[in-house]
Amino acid sequence: MKIALAQFNPTVGDFAGNSARISSLAAQAKQRGADLAVFSELCLCGYLPQDLLERPAFIERNHSELKNLAAKLPLPAIVGYVGRVKNGTGKSIANKAAFVCGGRVAFEQSKMLLPTYDVFDESRYFQPAERQSIFAFHEDQLGITICEDVWNDKNFWANRRYDRDPVTELMQQGTTLLLNISASPYTIDKRALRFEMLRSIAINQRRPVVYVNQVGGDDSLIFDGASMAVAADGKVAAQALSFEEDLVLFDTVSGVGDVHPQPKEEIEYAYRALVIGTRDYVHKCGFKKVLVGLSGGVDSAVVAKIAVDALGAENLLGVSMPGPYSSEGSRADAKALAENLGIQFVTVPITEVFEAYLKVLAPAFGNRPPDVTEENIQARIRGNHLMALSNKFGSMVLSTGNKSELAVGYCTLYGDMAGGLAVISDVPKLMVYELARYINRERELIPRSTIDKPPSAELRPNQKDEDSLPPYDILDRILKAYIEDLRSPQEIADHYGFDIKMVRDIALHVDRNEYKRKQAPPGLKITSRAFGFGRPFPIAQKFIP
């Protein structure tokens with residue numbers, strides 16, 4: 001049997017568009033001689049639908065579109081959708097895989113393992129499957145699983161999240177071919193983990209595994225695709241592209257298929273994730289053009305290049321907003337970057353507006369000396385300038401703060417945090433420099449001086465980030481251990497040999513600045529634990545780590 005792994009980029013709620021893509025890919029699969037086309041999890045409605053699942057009309061549309069799709073698909077297919085379940089208690093819907101054949105739904109399998117960690121809250125909406133069942137097709141007994149159902153293999157995981165293992169239950173029924181339809185978000189280093197897990201299942205069960213993953217961006221989440229077929233000996237027999245729609249075939253008899261190239265370095269993988277995440281967020285929200293404030297620093301430079309690769313140079317406006325403490329070098333770097341990227345560039349100074357602020361506020365401020373207040377005023381003026389340009393030209397503002405700054409509150413509400421998308425809010429500062437070097441791998445697009453100079457907000461004379469923060473090579477290690485690995489300050493200090501007071505102070509900064517992050521624009525998630533809805537954390541709390 002020839003199986004087509006049909007990997008595409010759905011949009012949540014776009015039933016007509018998603019259905020059209022399914023039909024088109026199914027036709028291509030048929031033309032190439034496939035016997036079965038396999039699509040990704042909830043591809044008919046898009047993943048994650050969140051509380052759209054609570055709207056009866058949304059569920060009804062799932063059913064009507066699936067019925068219409070079944071009538072016109074040119075070959076048998078497995079399609080992910082939201083289906084109703086009949087039961088006396090529990091949820092009324094399930095995350096389902098529908099086997100469509102002969103103009104109708106011939107078989108359905110509900111998802112059994114419903115994740116409730118990180119960004120997932122599927123038990124809020126779905127009823128889990130009570131049992132797994134195999135389905136006979138051609139010469140094979142198909143075992144159909146949905147995403148999390150394969151993430152509980154006792155031979156791979158030291159600590160399992162669930163009591164039941166759908167894969168084992170299917171194998172006990174005589175499954176000859178395991179299929180998994182997924183919407184598995186990208187995070188750094190996950191692709192290696194995912195492959196090793198699928199490889200473990202294939203080898204231990206002595207069965208081929210076909211895995212079809214969603215591709216594209218959905219709000220903060222980025223799906224890398226990279227769908228694959230793993231042969232019973234653990235070797236990759238078919239492989240779809242990463243971060244692109246693709247269709248690859250796998251022959252179950254010969255055990256071979258199409259193998260398309262993958263990014264070689266993890267930094268390239270991360271960069272491409274940020275590009276597709278930016279493109280899909282902007283386009284799926286109905287925008288074509290974006291604005292980026294260019295400070296002459298490395299963060300805004302990296303965001304600008306991501307925006308160019310995502311949307312085209314003609315759709316990006318770079319805005320320089322020099323103030324009283326902006327260096328000539330930073331102004332020159334911003335202009336040089338714009339020229340190198342081929343983007344439109346404007347300069348909107350803030351000094352005159354800043355001086356007007358100080359004059360108006362002087363009677364209220366009295367004799368109090370300048371402090372962070374005046375620094376924040378400059379940042380907020382810049383935020384207002386960008387939002388004015390956004391309103392005037394109908395362009396989305398991309399904010400440029402990185403994860404390190406956002407973690408400790410080294411950012412200004414309604415200032416540099418203003419915008420529609422925080423592109424690098426899950427990218428630690430040191431990784432921003434890695435991305436800059438990757439961008440410059442062939443020629444210098446980001447001026448070398450931008451990368452080499454000490455980072456500074458330039459909001460007071462001779463300001464440097466290290467005046468307020470530890471060096472980033474120390475700060476980033478502490479933040480990863482505290483935020484992503486959930487280590488205590490004492491554990492972090494003991495492990496790295498850092499001063500415990502410094503580590504505790506950073507941890508307190510992280511916790512006490514949650515109120516800022518709650519008001520930040522959504523950001524693209526690329527690490528195992530990003531700020532946002534996957535990390536619910538109280539604002540008003542007094543726990544001291």
Side-chain angles (χ1 to χ4, degrees), residues 287 289-301 303-304 307 316-339 343-402 405-406 409-423 425 450 453 455-465 467-468 513 515-516 519-521:
F287 287 82
K289 296 180 178 290
V290 293
L291 303 163
V292 175
L294 298 182
S295 67
V298 68
D299 296 322
S300 60
V303 170
L316 171 61
L317 172 64
V319 186
S320 173
M321 295 171 285
Y325 308 113
S326 299
S327 67
E328 287 300 324
S330 292
R331 298 185 195 194
D333 283 350
K335 189 172 187 296
L337 174 74
E339 291 173 351
I343 63 173
Q344 185 182 358
F345 180 75
V346 297
T347 300
V348 186
I350 71 163
T351 300
E352 185 177 345
V353 179
F354 178 54
E355 290 172 349
Y357 260 83
L358 297 182
K359 181 178 180 181
V360 170
L361 290 168
F365 284 175
N367 295 323
R368 291 175 175 80
D371 55 18
V372 71
T373 306
E374 286 74 14
E375 296 181 29
N376 288 342
I377 287 172
Q378 295 170 68
R380 291 190 177 113
I381 292 170
R382 291 186 171 112
N384 275 324
H385 281 1
L386 290 174
M387 293 311 300
L389 292 168
S390 171
N391 292 159
K392 185 61 67 176
F393 299 116
S395 301
M396 180 186 290
V397 175
L398 303 181
S399 66
T400 60
N402 61 65
E405 296 169 346
L406 200 64
Y410 195 65
C411 49
T412 304
L413 273 174
Y414 327 120
D416 55 308
M417 294 177 70
L421 177 68
V423 175
S425 64
T450 295
K453 66 186 174 188
S456 170
E458 295 191 336
L459 296 174
R460 63 173 184 265
N462 302 313
Q463 184 181 29
K464 301 290 184 292
D465 286 7
D467 297 341
S468 306
N513 281 284
Y515 78 99
K516 286 189 178 181
Q519 300 177 70

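In this structure, D299 and D416 have side chains that are not in contact, with every pair of non-hydrogen atoms separated by 4.5 Å or more. Counting heavy atoms from C-beta on, the side chains of T450 and L337 never come closer than 4.5 Å. Counting heavy atoms from C-beta on, the side chains of L406 and M417 come closer than 4.5 Å. For the pair P322 and T347, the minimum side-chain heavy-atom distance is below 4.5 Å. In this structure the side chain of L413 reaches within 4.5 angstrom of the side chain of Y515, judged on heavy atoms.
In this structure a side-chain-to-backbone donor-acceptor pair under 3.5 Å is missing from Q519 to K516. In this structure a side-chain-to-backbone donor-acceptor pair under 3.5 Å is present from Q463 to L459.
Summarising the geometry, atom CD1 belonging to I377 is positioned 11.5 Å from atom CG belonging to N384; distances are rounded to the nearest 0.5 Å. Atom-to-atom distance recorded for S320:OG and H385:NE2 is 11.0 Å, nearest 0.5 angstrom. How far CG of N462 is from OG of S456: 8.5 Å, rounded to the nearest 0.5 Å. Rounding to the nearest 0.5 angstrom, the gap separating the CZ atom in R331 from the OG atom in S326 is 5.5 Å.
Judged as a side-chain contact (heavy atoms from CB on, under 4.5 Å), and not counting sequence neighbours, the contacts of F287 are V282, C285, M396. With sequence neighbours left out, the salt bridge (charged side-chain N to carboxylate O under 4.0 Å, His left out) criterion links D333 to K453. Taking P521 as the reference, S399, A422 meet the side-chain contact (heavy atoms from CB on, under 4.5 Å) condition, with sequence neighbours excluded.
Of all heavy-atom pairs between Y410 and A457, the closest is OH-CB, 4.4 Å. Taking all atoms of both residues into account, the shortest heavy-atom contact from A307 to L316 is CB-CD2, 4.1 Å. Here the closest heavy-atom approach between residue A418 and residue V397 is recorded as O-CG1, 3.8 Å. Here the closest heavy-atom approach between residue G293 and residue M321 is recorded as CA-CE, 4.1 Å. Scanning both residues, L294 and A338, for their nearest heavy atoms gives CD1-CB, 4.4 Å. Taking both residues in full, the closest heavy atoms of K335 and E339 are given as NZ-OE2, 2.7 Å, listed atom of the first, atom of the second, then distance.
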Name each donor-acceptor pair under 3.5 Å that joins a side chain in residues 349-365 to protein atoms two or more places apart or in another chain, with its distance.
none

Under 3.5 Å, sequence neighbours excluded: what are the donor-acceptor pairs made by side chains of residues 386-395?
unit_1, atom_1, unit_2, atom_2, d
S390, OG, S395, O, 2.5

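Contacts classified as salt bridge (Lys or Arg N to Asp or Glu O under 4.0 Å) and involving residues 375-389 (residues at least two apart or in different chains) are given here: E375-R460.
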